[in-house]
Each structure stands twice: as C-alpha cells, then as structure tokens.
Amino acid sequence: MSLKFYNTYSKSLEEFKPLSKDVVAIYNCGPTVYDHPHIGNFRSFLFADVLKRYLEFKGYKTRQIMNITDVGHLTMDDVEQGEDKLEAAARKQKLDPWAIAKMYSDEFFELLTVLNVKKADLYPRATDHVQEMIKAIEKLIEKGYAYVSGEGVYYRIRKFKDYGKLSGNTPESLVAGKRIPKNPNKEDPLDFALWKLDPKHIMKWPSPWGEGFPGWHIECSVMSVKYLGETLDIHTGGEDNIFPHHESEIAQSESCNGKQFVRYWMHARHLLVGGSKMSKSAGNFYTVKQILNQGYRPQALRFLLLSAHYRSNLNFTFDGLESSGSAVDKLVNLKDSLEGIISKKSKGGDANQQAISLSNSVLVKFEESMDDDLNIAKALGYVFDFVGEVNRNISSIGSDSASKLLETLLKLDSVIGCIYGDKTIELTPEQERLIRDREDARKKGDFSASDKIRDELKRQGIQLIDSKDGTKWKKSLC
RNA sequence: GGUGGCGUACCCAAGCGGCCCAAGGGAGCUGAUUGCAAAUCAGCGAUUCGUCGGUUCAAAUCCGACCGCCACCUCCA
C-alpha cells in the first residue's frame, strides 16, 4: 500500500509523491506570538510533528519550515481604531510589541521541547523578512495583481482566476454571503491587504508606499519561497487557516511566481473541550502551561493530542488526559521490562522466530494504517496489540529477542514520540538508607514498618517495586 | 443566512455496504500473581452505532427528515 493524504485542495485522498526524490518540502503555519499557546494550537503543531516523523519513518528526508508570526495584524474592526493584536497585548501588559513577541515565542519553543516535538529546520520570523515582502508586493504591483490605494496596497482577487479553489469561497459565493463590509479604499471589497499604511503603528517599517506594516498572508508566501522554493510539497495549518489565509497565499504566490504553490494542503481539525468549542467565556479554555502546571505530564498531553485522527474533532477532557497518561505508562513499562531482560541476560543466539514475526507484523500493520492519511488511532490499536502480545510472553523472552522487540517498540515510538523524559534521578543518601532499612524490615517480616517507608518514599516521588531480583525503584509517575 | 464536517459503550476513539452480535486505550468489577502493593496476564463490559423513516438478500456504513455539536464566510491552530 502506498502513502495517501487527504488534500484539502482536491478534497480527496491522493497518493503522496514528493516533487523531489531527495527531500520533502514542508511548510507549517506556526504560532502567532501574542498570547500563551493553547492546547488547540498544539494539536495542530503535533499533527505537523507526527506528519514529519512519519515521513522520516518511511525513509523520506524532510525539510521543514515553520513560521513565527510576530506581527499582530489588523482585524477589520481594528482598522477603525488602528490597533492590532500585538499592540493590544502590549498595551495591556505594558510592554512593547517586540517584547511581547519575544516572550511568547520563547514560551512556544520551550513547549516544543517539553512536548518532544522534533525541531523544524528553521523557524523564520515575519519581522525578519519585511524587505522580501516589500519586493514581492512590488512584483505583484508590476504584474497588475496589486494596486496602491489610500490606506495601503491591496491584492486584486478577481484578477486571479483560481481564487476560491481551496476553500470554496469563490468571489461569487462570498458576495452571496453578504458579510463583506464596504471599504472605500478597495476596488473590490473582497480584495485583501498586502501592505497597510500606518505611521502611528509601533511595529512599522518604511516602504515605497509609506510607513506601515505587511499584510498577514504575504509573510508565508515570501518565507516559503525563500527557504523551500516556489513549489512546496506539503503545507499544513489549522482548518481555520483555509480561508482567508491559505486561499490568499495561493493567489499571491502563484500570481507572483507563475507556478503551482503547494502540492498537498493538509489541515488539522479543531480541538473541542468538553464537547464544545474552547473559549475563554465558556471557561473551557486551556493553555498548555495551565495543563502542565496542574501536574499532568507532557507525555500524556502529547499522546492525547495526537491520538485521534487529525481530521476529526478531538474532544479534550481531563478523563481523556489521565487515560492517555496510563496508555503512555504502558509503553514505558514495556520498554523498561525489555531493557531489564537485555541488561540481565547474557547475549547469545538469535532473536527467536516469534519475536521477529511479531515485530514484522506490527510494523506492517502500523504502516498500513498510517499510510491511510495518518490513521493514527488505528495504528495505535496495533501498537497496543503488540504490547499485550509481548507482555503475555515476557517471562520466556531471551535477550536477543528482547533487543529485537525493543528495537521495534522504539521504531514505532519514533513516530508517536511519547517515550521520553528522564526517569533518572539520583537518590539522596537518606533515601538509599530508607530503602536498605525497608529491605531489612521486610526480611524480618515487619511489613508495617516497610510499608511505611514505601509510602514515605512515594511521597518523595520514588516508587518502589519488589521483584524476584530484589527491590527496584523508579521516579514515580504522576 | 450561505458553505463544509461530525454524532459509535462510563470517558477517549477505530471501523465507512457482508470478515461487525463493532478494534484499541482508559476507568470499573472479578480472578491469577504479590507478605501487601506496583507492573503484568485472564475474564466481564455496546445484540448495538444521535432519533425516526427509506433503499438493499445484507447498513454503524447508502438516501431522506429531524435533533445536537463543530468549522469557515477577511485576526483565531
């Protein structure tokens, strides 16, 4: 079976064939850095992560670019007040917009690490590419796709024949929708801004048309060409990006370069919280930090956010988060027991046939499922079938078979990415003494004393496990 | 108002015309194991897939209506 992706552009499942044999060019719409990243944002970033990891699992090399939107951008309402999101956040927090952008992008990068997201090759910032954006706008003006008007430079959407092909929002249907406010500066109310003039804006740059700042869509067009070339293999984002953002990117890029902009458009569905839309007023709005500060493990959050198909509405609940934590434990426990077997038993002989066929079987089923537009829920079903099968036979597994099975588990986890984090903590001398005391108590049969010590250590984050080979300990999972 | 999508057990979630009296994970209960735990294993757990109709030899899967939810319609992952 071959790899297939659902392409938003064609609205159908298509076989994936990258443009170049050497490397898959991926562009992800990244964060807008004027607020704390929330769990919904990270669902789409984790989708991008799994996509990249799976392509690498399949043997592709990737080049992945994720932009950082550090210009706030005006809303239509805000145009009246000349206020944009970054400026609003800045004013509220009594900081300048640059400091706000820095603060939230730092948080974003920190969370990428905490959630075990593989780093993109580059995270270009919009504000570092204003000169290129100006050049692109000039080119669009030259080609007749853009015009200078009172408040800025606008893109003439009716000149681009394919406008609306991605989202279905053709000029005709947009007009029929009747929600377009009139704007005297635009030739057509549907035209969108490439450059906004506003000398009072804090984040402003000089341009041939006067001081101002770039429109929202142009940054992605410019940065993707600069770092990936004129035609990308894959462009991802949240479903809300389909219109107007991605629709407008296509228009800009294709009219500017005269080439197909993106071959496969992939969009992640929004996350629901408790069955409905996440919103601050409904009280079901969670930032990633809030979840982690409540003591939930990042591995659990990662697992939950990636465990449903990316094109379905994943419903976030705290029950789900806890159950994800247990699911991750199951994977980690298997890794620990396999490592235990490997370290204990001397090498010798080959992995037995059962271990080999079990490994092959799970890898094939996993790949078949993931090939089907990243059907990770189905793929995880097979992973846990594998886990159960190995556990059932764990007592009879030799070290070479264990190595083989561990290799398989880690290969699967190279896509899932949930087995990580340090469990290696140093015991204090006091804790070591307590463990020895407990051993003595147990030998004497003084179980009330030994249980007391076990409870105490648990409180300190150390979990004890009694086994045939003596007492082991590990960092307890919360 | 226009357009698109979804509704599967206590929770999360696969399945998209016969292999389904419906994967997998979690929670729960029962048992094995353990001094007791932890981990692990076994068993139980939807005769039913939002509701009501229809098509078909056959429907969770197709069609229609209704109910509920989500998204987009120029900030929003």
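All chains are named by letter (A, B, ...) in the order of the sequence lines, taking the proteins before the strands, and each is independently numbered beginning at 1.
- Residues satisfying the side-chain hydrogen bond (donor to acceptor under 3.5 Å, both in side chains) criterion with Asn7(A), sequence neighbours excluded, are Glu14(A).
- One finds a side-chain N or O of Thr32(A) lying less than 4.0 angstrom from the OP1 or OP2 phosphate oxygen of A77(B).
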Give the B/S/- string for nucleotides 31-41 of chain B, one per nucleotide from 5' to 3', where a protein heavy atom under 4.0 Å of the base yields B, of only the sugar-phosphate yields S, and otherwise -. ----BBBBSSS
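- Residues forming a salt bridge (charged side-chain N to carboxylate O under 4.0 Å, His left out) with Asp451(A) (at least two apart in sequence, or on another chain): Arg454(A).
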Spell out protein contact along nucleotides 9-18 of chain B as letters: B when the base is contacted, S when just the sugar-phosphate is, - when no protein heavy atom is under 4.0 Å; keep the 5' to 3' order. --SSSSS---
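- Scanning for salt bridge (charged side-chain N to carboxylate O under 4.0 Å, His left out) contacts around Arg436(A) gives an empty result, with sequence neighbours left out.
- Partners of Lys472(A) according to the salt bridge (charged side-chain N to carboxylate O under 4.0 Å, His left out) rule, which considers only residues two or more places apart in sequence or in another chain, do not exist here.
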Determine all donor-acceptor pairs shorter than 3.5 Å in which one atom belongs to a side chain in residues 313-327 of chain A; sequence neighbours excluded.
unit_1: Asn313(A); atom_1: ND2; unit_2: His270(A); atom_2: O; d: 3.1
unit_1: Asn315(A); atom_1: OD1; unit_2: Gly274(A); atom_2: N; d: 3.1
unit_1: Asn315(A); atom_1: OD1; unit_2: Gly275(A); atom_2: N; d: 2.7
unit_1: Thr317(A); atom_1: OG1; unit_2: Gly320(A); atom_2: N; d: 2.9
unit_1: Glu322(A); atom_1: OE2; unit_2: Tyr296(A); atom_2: OH; d: 3.4
unit_1: Ser323(A); atom_1: OG; unit_2: Gly320(A); atom_2: O; d: 3.4
unit_1: Ser324(A); atom_1: OG; unit_2: Gly320(A); atom_2: O; d: 2.8
unit_1: Ser326(A); atom_1: OG; unit_2: Glu322(A); atom_2: O; d: 3.4

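- Rounding to whole angstrom units, CG of residue Asp240(A) and P of C73(B) are separated by 8 Å.
- Of the candidates G25(B), C73(B), A77(B), G25(B) carries the atom nearest the Ala327(A) side chain, counting heavy atoms from C-beta on.
- For Leu272(A), whose side chain is taken as the heavy atoms from C-beta onward, the closest listed nucleotide among A77(B), C70(B), U74(B) is C70(B).
- Atom pair Phe213(A):CZ and C75(B):C1' shows a separation of 11 Å (rounding to whole Å applied).
- For His267(A) and A77(B), the NE2 to P distance is 13 Å, given to the nearest whole Å.
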Check residues 377-392 of chain A and write down every donor-acceptor pair under 3.5 Å in which the side-chain atom is one partner and the other belongs to a residue at least two apart or another chain.
unit_1: Glu389(A); atom_1: OE1; unit_2: Arg392(A); atom_2: NH1; d: 2.8
unit_1: Asn391(A); atom_1: ND2; unit_2: Val387(A); atom_2: O; d: 3.4

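- His129(A) is linked by a ring pair (Phe, Tyr, Trp, His ring centres under 6.0 Å) to Tyr227(A), counting only residues two or more places apart in sequence or in another chain.
- Listed by first residue number, the stems of RNA chain B with at least three Watson-Crick or G-U pairs below 3.5 Å are B:1-7 with B:67-73, B:10-12 with B:24-26, B:28-32 with B:40-44, B:50-54 with B:62-66.
- Partners of Asp96(A) under the salt bridge (charged side-chain N to carboxylate O under 4.0 Å, His left out) rule, at least two apart in sequence or in another chain, do not exist in this structure.
- In this structure, Tyr6(A) has no ring pair (Phe, Tyr, Trp, His ring centres under 6.0 Å) partners at least two apart in sequence or on a different chain.
- Note that Lys411(A) lies in the cation-pi zone of Phe57(A), set by a 6.0 Å cut-off to the ring centre and a 45° limit from the axis.
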